[in-house]
Amino acid sequence: MGDGWAEATVLEGLDSIEAAQVRRCARVLLRRPLLRADGPEGEVLPAVRRYTDRLQALFAGYLGYRLVVEPGFARLYKTGRTPDGVRGAHKANGAPFTPRAYAYLALVLAALTGSGGQVLLSGLVSEVRAAGAEAGLELGAGIVDRRALVAALRHLIDLGVLAETDGSVGPWAEDAGREALLTVNVELLSHLVAAPLGRSSSAAELAAGGPPAGEDERHRVRRRIVEDPVVLTADLTPEQRDWLRTRLRAEAELLEELFGLHLEVRSEGVLAVDPDGYLSDLLYPGHGTLSRIALLAADELVGPGAQERPDGEGGRVPVPLDRLGEVAAAIAERYPKAWSKEAVRDTGRLARSVAQTLVQAGLARLVPAADGLPESVEISPAAARYRPRPDGPDEEDGEQAAEPAAPSPGEGQESLFGP
């Protein structure tokens, strides 16, 4: 099965409409690994149940993921993927979870384990504090801790694990005397944690997705490509690079057939493109101030007109954060009416926000200061793929720009991801 033959046969025997349905189900499960009948895109669940065998074979064979399908939900266990440090839970206002909120989320799950079908909020809070004390954590009772705990509860409500049967958890953040009755979906709770708790020997191992899943390079490489679309060759092990180099064309065909993703290949790495943008949780380039300044700043720093472009590991271009701030501030000053005043008010904060935007898009990584070197951001060569173009004809002769090159491993690959 290591040559991809088994994965290629997953859709055999299906007509084009059925194959498209299986592909749609697979894409929905990748985006929503916990798919509930009463949740977003729950209308897809009947099709998931109809093609359960095909989908289980698809995910197990191609990515090494386990898929559980129950009458009311489907759970895709996406364990063992490469953590990138920029994806995670978010609060209701869109802000990422703080470490405190994550700690409360873990404590709530611990408190709910073994609980009955309904719990009072006050009782659950007591259980959370007891679990925290048992874990050696010093939990506060102030508004910061209460808001973090409410964020964890809201997250579980959004996932369908908790339901507000009487009252709401929100007011408790401001008034610890408020009460609410919560109903626990015990079955869903038992499928919530993707990593195997019983086989993890440490918290770090659990956070990484559980114990090592063996020496199957194909699953490791494919998970990186599917979950983190920009994969630089320098970030792969020699064994993974060899495997991918010899399988590029077959993998490109499989990726498109099973998930509708197009694989672009360059000398520095590969990029999985979703033409519909459905699988992307972040729009880049976006329409916001930070996204547009990031786009222009990356072009000035790594594009063809860059004053200097030192080479870093994997073709990444190291840029001191101060330098990124100078470029971002100059762009903001050049087009003063184009930006949110709040976003560009503080130059130092602007540089860090722009860097974080590039990191979240998978186009850069932050490097902390060390050994006298300043804190910097290393911009991926893939950033050049999004080089902005002026309005009007793309070429001097008025013809449309060429389509991205098809996967073509070997010598002659275009350097950098840009055209």
Side-chain angles (χ1 to χ4, degrees), residues 84-86 224-225 228-236 263-273 280 282-335 338-339 343-344 347-370 373-390 394-395 401-402 404-405 412-419:
D84 57 13
V86 295
R224 294 199 62 156
I225 294 174
D228 299 301
V230 178
V231 178
L232 298 184
T233 305
D235 294 339
L236 301 176
L263 192 68
E264 291 187 13
V265 181
R266 297 293 186 270
S267 58
E268 295 91 346
V270 297
L271 172 69
V273 179
S280 301
L282 177 70
L283 178 64
Y284 186 87
H287 302 297
T289 291
L290 295 178
S291 181
R292 287 185 292 155
I293 290 182
L295 182 73
L296 296 172
D299 182 50
E300 288 198 21
L301 292 166
V302 305
Q307 294 179 354
E308 54 182 17
R309 199 170 64 185
D311 291 332
E313 181 185 9
R316 292 186 175 94
V317 178
V319 177
L321 203 57
D322 290 345
R323 171 61 179 153
L324 176 62
E326 293 173 2
V327 173
I331 293 171
E333 186 175 354
R334 197 181 310 157
Y335 312 104
W339 320 117
V344 302
T347 303
R349 190 179 65 179
L350 175 63
R352 190 163 294 279
S353 299
V354 168
Q356 193 61 35
T357 299
L358 291 169
V359 171
Q360 289 177 335
L363 300 176
R365 65 183 183 188
L366 284 170
V367 180
L373 297 175
E375 184 178 11
S376 63
V377 55
E378 293 184 342
I379 301 177
S380 166
R385 183 183 186 279
Y386 302 96
R387 182 151 48 93
R389 296 168 180 272
D394 293 306
E395 305 292 344
Q413 291 173 1
E414 189 175 12
S415 181
L416 294 176
F417 283 82

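Start at 1 with the first residue, then count along the sequence.
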Do the side chains of [Y] and [X] get nearer than 4.5 Å, heavy atoms only?
| X | Y | result |
| --- | --- | --- |
| Arg365 | Leu358 | no |
| Leu350 | Ile293 | yes |
| Leu236 | Arg224 | yes |
| Ser376 | Val319 | no |
| Val270 | Glu264 | no |
| Thr233 | Arg266 | no |
| Leu232 | Ser380 | yes |
| Val230 | Leu363 | yes |

If I take atom [atom1] from residue [X] and atom [atom2] from residue [Y], how far apart are they, to the nearest 0.5 angstrom?
| X | Y | atom1 | atom2 | value |
| --- | --- | --- | --- | --- |
| Leu290 | Gln360 | CG | CD | 9.5 Å |
| Arg292 | Tyr335 | CZ | OH | 11.5 Å |
| Leu295 | Tyr386 | CG | OH | 10.5 Å |

Please report the closest heavy-atom contact between [X] and [Y], naming both atoms and the distance.
| X | Y | answer |
| --- | --- | --- |
| Asp228 | Val231 | O-CG2, 3.3 Å |
| Ser291 | Gly286 | OG-N, 2.6 Å |
| Thr289 | Ala338 | OG1-O, 4.5 Å |

* **Heavy atoms from other residues, nucleotides or ligands near CD of Glu326 exceed 12 (cutoff 6.0 Å)** =>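 Correct, the count exceeds 12.
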* Asked: Taking only residues two or more places apart in sequence or in another chain, which ones pass side-chain contact (heavy atoms from CB on, under 4.5 Å) with Glu375?
  -> Leu321, Arg352, Ala369
* Qualifying residues under side-chain contact (heavy atoms from CB on, under 4.5 Å), relative to Ala297, sequence neighbours excluded -> Leu324, Val327, Ile331
* side chain to side chain contact (heavy atoms under 4.5 Å, CB included) evaluation trace for Val377 with Val367 -> CA-CA 6 Å; Val377 55; Val367 180; over 6 Å; no
* Output yes when Glu268 and Arg316 qualify as a salt bridge under the 4.0 Å nitrogen-oxygen rule, no when they do not. =>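 No, this pair does not count.
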* Please report the C-alpha distance between Val317 and Leu301 in whole Å, then the side-chain angles of each, then the deciding distance to 0.1 Å, and finally whether the side chain to side chain contact (heavy atoms under 4.5 Å, CB included) criterion is met. => CA-CA 8 Å; Val317 178; Leu301 292 166; 5.8 Å; no
* **Side-chain (Thr357) to main-chain (Ser353) donor-acceptor, under 3.5 angstrom** => yes
